[in-house]
Amino acid sequence: MYDVNSKHADDFINHEEILETLAYADENKDNLELIEKLIEKAALRKGLSHREASVLLACSDENMNEKIFRLAEQIKKDFYGNRIVMFAPLYLSNYCINGCTYCPYHAKNKHIPRKKLTQDEIRKEVIALQDMGHKRLALEAGEHPTMNTMDYYLKSIETIYGIKHKNGAIRRVNINIAATTIDNYRLLKEAGIGTYILFQETYHKESYKQLHPTGPKSDYDYHTEAMDRAMEGGIDDVGVGVLFGLDKYRYEFAGLLMHAEHLEAAFGVGPHTISVPRLRNADDIDASSFTNGIDDDTFAKIVACIRIAVPYTGMIISTRESQKVRERVLHLGISQISGGSRTSVGGYCEPEPEDEKTEQFDVNDNRTLDEVVRWLMQMDYIPSFCTACYREGRTGDRFMSLCKSGQIQNCCHPNALMTLEEYLMDYASPETKALGDKLIDREILNVPNLKARAVVTENLRLIRENNRRDFRF
Ligand code: SAM
């Protein structure tokens, strides 16, 4: 039975409720009066329920869709301004005992080289990432009980936080690893992780079972209830997502929103981020053999509808998407993007030899971080390397209430400018730096509070003239 507060996967991601939601959306997809009302409700910036948002997703009326896109853009601006937070993935190990049929790390893949970074290799990779200018990482790994242990992760996090190279530092380590126990989540929290990220892949239980035939990940309930355990272990910033292309997107969309509603109802904190990965070709994976792929227009609509349904959540897009697609959806709700990414185990400090490729999926956007930063600024976005919130204790419900009230802007905008200036001083090409300095001089006038503006101006001077780093609000 559908119960948003229940801790059981079958209750909070209830199959019948999703089917009824899709039927309701079908019945009302041409009901312009209702759609108009839903758009008005969404404009209050308090979000929409999975049912309401599913009607908007199903709507095919051009005028209404135009309104939905415009509202998504406005909500994005209101909550996130023109800042885009930068990050990079770091693959620690591709050893895996699961049988995920869409992932090249599946256990039956005997020809992909298996690799696990040693602490020394991690150090080298992190220095290469710091030398690009990254401050925020997402650690990635397959699931393997003896190769990828919790001790290994904890040691790796400690290693990463301990590396100070020139002016470089990784200030926020997020982690995307298999569902685990409350005790392990507690250990990750104590190790100082930012967000715990776990994609549901698909919310459709029957499909899930077929797509995950073997290994611990085949347990749908254990996987779906992972965020509840993470919250119980004290991790209050969690990141959810589905892998679009595995099952029907409207089912996934409703499931994703129900998951967000559940976390908010049960713990008072919705997801810190929602990711929108799409299935890609990879080693022995042919994405075209999966029949639920979505086109770019549908993808853009999904991003816009998530944005207006869950206004407070950060939205992440990776280098699975091309420059063109990224450009299109940035406006509609994305707040974090990766740049200069490698999806192989190792490969940041030295490219992998052609016959030893360990990539998880083909990257669609191969530009360097400097190119991505410049491109963002050419479109008047502020690339932000800020990691202040969790370091200042602004996590979970504290972050959410600041975000919902709009007060977060008072921290984010100055922090974005100061961390961008650090990047420009330490890592940018002359062309990027010239563009960035102009942008910062212009954007500083948008710090609303005059006292804060004076502090930021002084801090920017200290960064530029005295090589001082790590100012934050
Ligand atoms: N082992 C962890 C787990 O089971 O969740 C971490 C997952 S993996 C390193 C990160 C994500 O990559 C997966 O959750 C999946 O959504 C995505 N992924 C796997 N194969 C993919 C493919 N062929 N194309 C795009 N994304 C893929």
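Both counts, for ligands and for their atoms, begin at 1 and track the order of listing. Here, residue 1 is the first one in the sequence, and each next residue gets the next number.
Among protein heavy atoms, the minimum distance from atom 17 (C) of ligand 1 is reached at Arg320 NH2, 3.4 Å. With respect to atom 7 (C) of ligand 1, the closest heavy atom belonging to the protein is Asn176 OD1, 4.0 Å. Regarding atom 19 (C) of ligand 1, its nearest protein heavy-atom neighbour is Gln360 NE2, 3.3 Å.
Contacts between Ala141 and ligand 1 below 4.0 angstrom, taking non-hydrogen atoms only, involve the backbone exclusively. Counting heavy atoms closer than 4.0 Å to ligand 1, residue Tyr102 contributes atoms from both its backbone and its side chain. Counting heavy atoms closer than 4.0 Å to ligand 1, residue Cys103 contributes atoms from both its backbone and its side chain. Counting heavy atoms closer than 4.0 Å to ligand 1, residue Asn281 contributes nothing at all. Using a 4.0 Å cut-off between heavy atoms, Leu243 contacts ligand 1 through its side chain alone, with no backbone atom that close. Under 4.0 angstrom from ligand 1, the non-hydrogen atoms of Lys217 all belong to its side chain.
At a threshold of 4.5 Å between non-hydrogen side-chain atoms, the residues Met315 and Val310 do not count as touching. Side-chain contact between Asp228 and His262: present, with at least one pair of heavy atoms (C-beta onward) separated by less than 4.5 Å.
The closest donor-acceptor contact from the side chain of Arg307 to the backbone of Lys76 lies at 3.5 Å or more, if one exists at all.
Minimum heavy-atom separation, Ala141 to Asn148: CB-ND2, 4.4 Å. Nearest heavy-atom pair across Ile170 and Tyr161 is O-CD2, 3.4 Å. Here the closest non-hydrogen pair linking Leu129 and Ala88 is CD2-CB, 3.7 Å.
Atom numbering of ligand 1 starts at 1 in the shown order; those under 4.0 Å from a heavy atom of Glu140 are 9 (C), 10 (C). Annotation for ligand 1: atoms under 4.0 Å from non-hydrogen atoms of Arg280 are 22 (C), 23 (N), 24 (N), 25 (C). Every atom of ligand 1 is numbered from 1 in the order shown, and the set under 4.0 Å from a heavy atom of Arg278 is 25 (C). Atoms of ligand 1 lying under 4.0 Å from any heavy atom of Leu198, numbered from 1 in the order shown and given with element: 5 (O).
Relative to the ring axis of Tyr24, Arg51 places its NZ or CZ within 45° and under 6.0 Å from the centre. At least one cation-pi condition fails for Lys209 and Tyr220: the charged atom is not both under 6.0 angstrom from the six-membered ring centre and inside a 45 degree cone around its axis. For Arg328 and Phe299, the positive end is not near the middle of the six-membered ring at less than 6.0 Å and at most 45° from its axis. Judged by the 6.0 Å distance and 45° axis criteria, Arg320 is positioned over the aromatic ring of Phe361.
Ligand 1 has Ala178 within reach: a non-hydrogen atom of the residue lies less than 4.0 Å from it.
Taking any N or O of Asn98, backbone or side chain, none lies under 3.5 Å from an N or O belonging to ligand 1.
For atom 15 (C) of ligand 1, the nearest non-hydrogen atom from the set His144, Glu201, Gln200, His212 comes from Glu201.
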